[in-house]
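Convention: sequence-line order gives letters A, B, ...; per-chain numbering from 1.
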Amino acid sequence: MEELKNNIIEEIASVACIDASEVVLEMPKDTANGDFAFPCFRLSKTMRKAPVQIAEELKEKLIKIEGIEKIDSVNGYLNFFAKKEGMVKSVLLDVIQNKENYGKTNVGKGENVVVDYSSPNIAKPFHIGHLRSTVIGKALYNIYNHLGYNSVGVNHLGDWGTQFGKLIEGYKRWGTEYNIEENPIDELTKIYIRINAVCKEDETALDACRENFKKLEENDPYCVELWEKFRSLSLKEFDRIYKILGCTFDSLNGEAFYSDKMDEVTKLLEDSGKLVESKGARIIDLEAKKMPPCIVGKTNGSTTYATRDLAAIIYRARTYNFAKAVYLTSYEQILHFKQVFEVAKLLKLDPKYTDNLVHVPFGMVHLKTGKMSTREGNIVKLEDLINEAVAKVEAVIEAKNPDLEDKKETARKIGVGAIIFNDLKNARIKDEIFDLDEMLKFEGETGPYVQYTYVRTQSIIEKAGYVPNIEEIDFSKLEDKDSIEVIKNLAAFKDAVASAAKGNEPSVVARYVVTLAQSYSAFYNNNKIMNAEKTVKDARLVLTIAVGIVIKLALSILGIECPEKM
RNA sequence: GUGCUUGUAGCUCAGUUGGAUAGAGCAACGGCCUUCUAAGCCGUGGGUCGGGCGUUCGAAUCGCUCCAGGCACACCA
């Protein structure tokens with residue numbers, strides 16, 4: 001398909017005497033306008049002719065292009081009609097021969113991309129707000145891998161900061177009232193909410209919390225012991241959730257990991273001569289960049305989130321020699337990362353690192369009642385959501401396919417898939433209003449719909465009971481409109497992945513796989529496979545196999561599993 | 001107040017580097033299961049692309065401006 005496109009581009013370039021980079025081809029929405037189109041309008045200025053005339057002249061000169069059977073000139077457009085059989089053959093061979101490696105490239109040249117994602121706060125519930133960072137990050141991780149990068153997934157745990165001073169203070173005051181061994185996160189959350197309420201009323205309590213954190217930074221044994229306890233109990237719970245989501249990390253180095261790496265940051269910033277004192281705090285002034293100052297040292301001497309992020313940049317540059325480092329957080333932190341990335345330029349790192357720090361912000365999940373806040377206690381825990389989704393899927397299975405084997409496992413894959421897909425299908429910057437009913441719809445542009453389409457392909461392959469020899473397929477049997485639509489969508493996979501990486505936007509792949517599934521469903525409804533004449537049946541089977549491969553591949557890139565039956 | 005961001009069908013959203021008649025899903029209505037899984041398919045209705053001005057052969061897309069929502073803006077992360 002790319003080859004065909006390149007042929008056309010080269011021919012146009014040579015005939016029109018322009019550079020190939022100036023030839024931009026489109027894929028017309030309406031198939032009546034061909035498979036590729038070249039708008040001649042932009043040439044009209046330099047060539048001093050009407051677009052229609054240019055198109056006509058180019059058409060006359062373009063005598064023969066490999067793989068093209070017809071060229072039309074319509075209203076200033078040059079429309080190219082591909083030889084269907086060749087196009088069908090090249091696409092299907094590509095998919096069938098490469099299987100799950102279809103569309104893999106080596107543009108990443110094995111270089112490391114650090115993906116900083118998920119990053120929940122220790123001792124707080126893993127709620128539906130954390131889901132976005134986790135699923136978008138995981139998808140980007142897979143997307144970069146597919147493009148030949150080596151992704152490094154870092155869960156930058158929120159395991160440091162004043163919040164631990166608060167928890168320690170709360171535990172000191174009322175620790176015996178709560179059973180944190182039994183139900184760590186829920187109980188710690190109660191303590192957290194309670195101490196926050198106290199701090200709101202009582203400034204001295206807040207000071208005590210800050211003092212606790214300072215002690216923690218200074219390795220006070222009591223504080224460290226409590227911190228370790230909170231951390232390990234929380235991680236145990238997170239592990240359970242990551243397992244359900246099929247999520248793994250290459251590093252769990254959170255903020256605490258950098259607590260002993262701050263001095264170097266401070267030293268480097270001092271050396272830069274840009275570190276100044278202001279109102280008792282140590283800051284980098286960013287007025288020249290039209291930003292508020294970046295605070296790297298608090299009045300009481302302890303560090304900030306920014307300092308730890310700077311230490312992390314140094315550490316990751318040295319450890320991973322990254323080609324790119326992407327950070328997944330909600331858009332609340334846009335300014336923070338702008339500041340940190342600016343200050344990072346003062347750390348004397350090779351610019352190849354500091355020029356490739358990318359914050360990837362995403363929209364927030366709101367409840368109908370407003371913003372979620374652990375402090376206020378109005379959150380939806382992810383695990384509760386997953387349980388509801390799986391329960392609903394189980395009910396659907398019971399109604400539609402009660403004889404299904406492995407109902408529980410299938411329900412898990414579908415329920416979790418529905419939740420993940422729902423979070424990935426829209427542009428990441430969009431806010432989301434949490435609506436359980438909306439989330440648990442399994443019809444239309446949803447995860448279960450795509451999975452269902454995959455299951456249909458597998459069902460047909462199973463029923464056929466054989467795999468046709470690709471060498472013997474008569475690809476001319478797939479020249480009907482439905483088949484061609486599927487073929488074009490199969491070919492579009494590579495662009496979808498590339499464009500998702502370019503914009504750090506997994507929704508492109510999610511949209512893509514829906515489109516592929518839709519085109520196959522239409523094909524499936526309009527064309528009988530099993531009882532077609534043998535050569536037709538074989539050709540359609542190969543198409544079906546290819547669709548199965550690409551749907552499964554695309555979903556796996558999105559971090560979604562496919563049941564074989566449902 | 002400053003900066004960023006969002007605004008497209010009743011609802012949720014797509015819309016390639018500006019291109020041909022602005023597309024899906026949901027909801028509504030009407031069809032399609034004695035034949036490969038109806039979690040499906042086909043059809044109908046539904047649009048001042050927030051408003052205005054501008055650039056251009058051509059604007060949902062680019063620029064300016066206004067309106068509306070959201071977020072951030074010194075010791076939370």
Task: Distance-only side-chain donor-acceptor flag, A:R210 / A:S302, under 3.5 Å - done: no
Considering only [options], which nucleotide approaches the side chain of [X] most closely?
X: A:R308; options: B:A74, B:A77, B:U12; value: B:A77
X: A:P28; options: B:G70, B:C41, B:A20; value: B:A20
X: A:Y452; options: B:C76, B:A38, B:C36; value: B:A38

Output for pair (A:I460 CD1, A:Q458 CD), nearest 0.5 Å, gives 10.0 Å
Does [X] make a side-chain donor-acceptor contact with the base of [N], cut-off 3.5 Å?
X: A:N79; N: B:A20; answer: yes
X: A:T299; N: B:C75; answer: yes
X: A:S278; N: B:A74; answer: yes

query: Quick check: are there more than 12 heavy atoms from other residues, nucleotides or ligands sitting under 6.0 Å from CD of A:E533?
result: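 Check passes, neighbour count above 12.
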Could you tell me how far apart [X] ([atom1]) and [N] ([atom2]) are, to the nearest whole angstrom?
X: A:H359; N: B:A77; atom1: NE2; atom2: P; result: 16 Å
X: A:I284; N: B:A74; atom1: CD1; atom2: C1'; result: 14 Å
X: A:N525; N: B:A38; atom1: CG; atom2: P; result: 8 Å
X: A:F337; N: B:C4; atom1: CZ; atom2: C1'; result: 16 Å
X: A:E445; N: B:G23; atom1: CD; atom2: P; result: 15 Å
X: A:N401; N: B:A38; atom1: CG; atom2: P; result: 11 Å
X: A:Q518; N: B:G23; atom1: CD; atom2: P; result: 15 Å
X: A:I334; N: B:C73; atom1: CD1; atom2: C1'; result: 12 Å

Base, sugar-phosphate, or nothing: which does [X] touch, judged by heavy atoms less than 4.0 Å apart?
X: A:K463; result: sugar-phosphate
X: A:E255; result: sugar-phosphate
X: A:V455; result: base
X: A:A281; result: base

**OP:** Indicate whether OP1 or OP2 belonging to B:G70 is found under 4.0 Å from a side-chain N or O atom of A:K430.
**Re:**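 Answer no for this pair, as no side-chain N or O of A:K430 is under 4.0 Å from OP1 or OP2.
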Respond yes when some side-chain nitrogen or oxygen of A:Y524 is under 4.0 Å from OP1 or OP2 of B:C42, and no when none is. no
With syn defined as a glycosidic angle within 90 degrees of 0 and anti as anything else, the base of B:C32 is anti
Parallel, tilted or perpendicular, judged at 30° and 60°: which one describes the rings of A:Y305 and A:H336?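 Parallel, since the angle between the ring planes stays under 30°.
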How are the rings of A:W227 and A:W160 set relative to one another: parallel (under 30°), tilted (30 to 60°) or perpendicular (over 60°)?
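Perpendicular.
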Are A:K70 and A:F81 in a cation-pi setup, meaning NZ or CZ lies under 6.0 angstrom from the ring centre and within 45 degrees of the ring axis?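 Geometry flag: set, cation within 6.0 Å and 45°.
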- Query: When you compare B:U21 with B:G47, how far apart are their C1' atoms, in angstrom units rounded to a whole number?
  - Reply: 14 Å
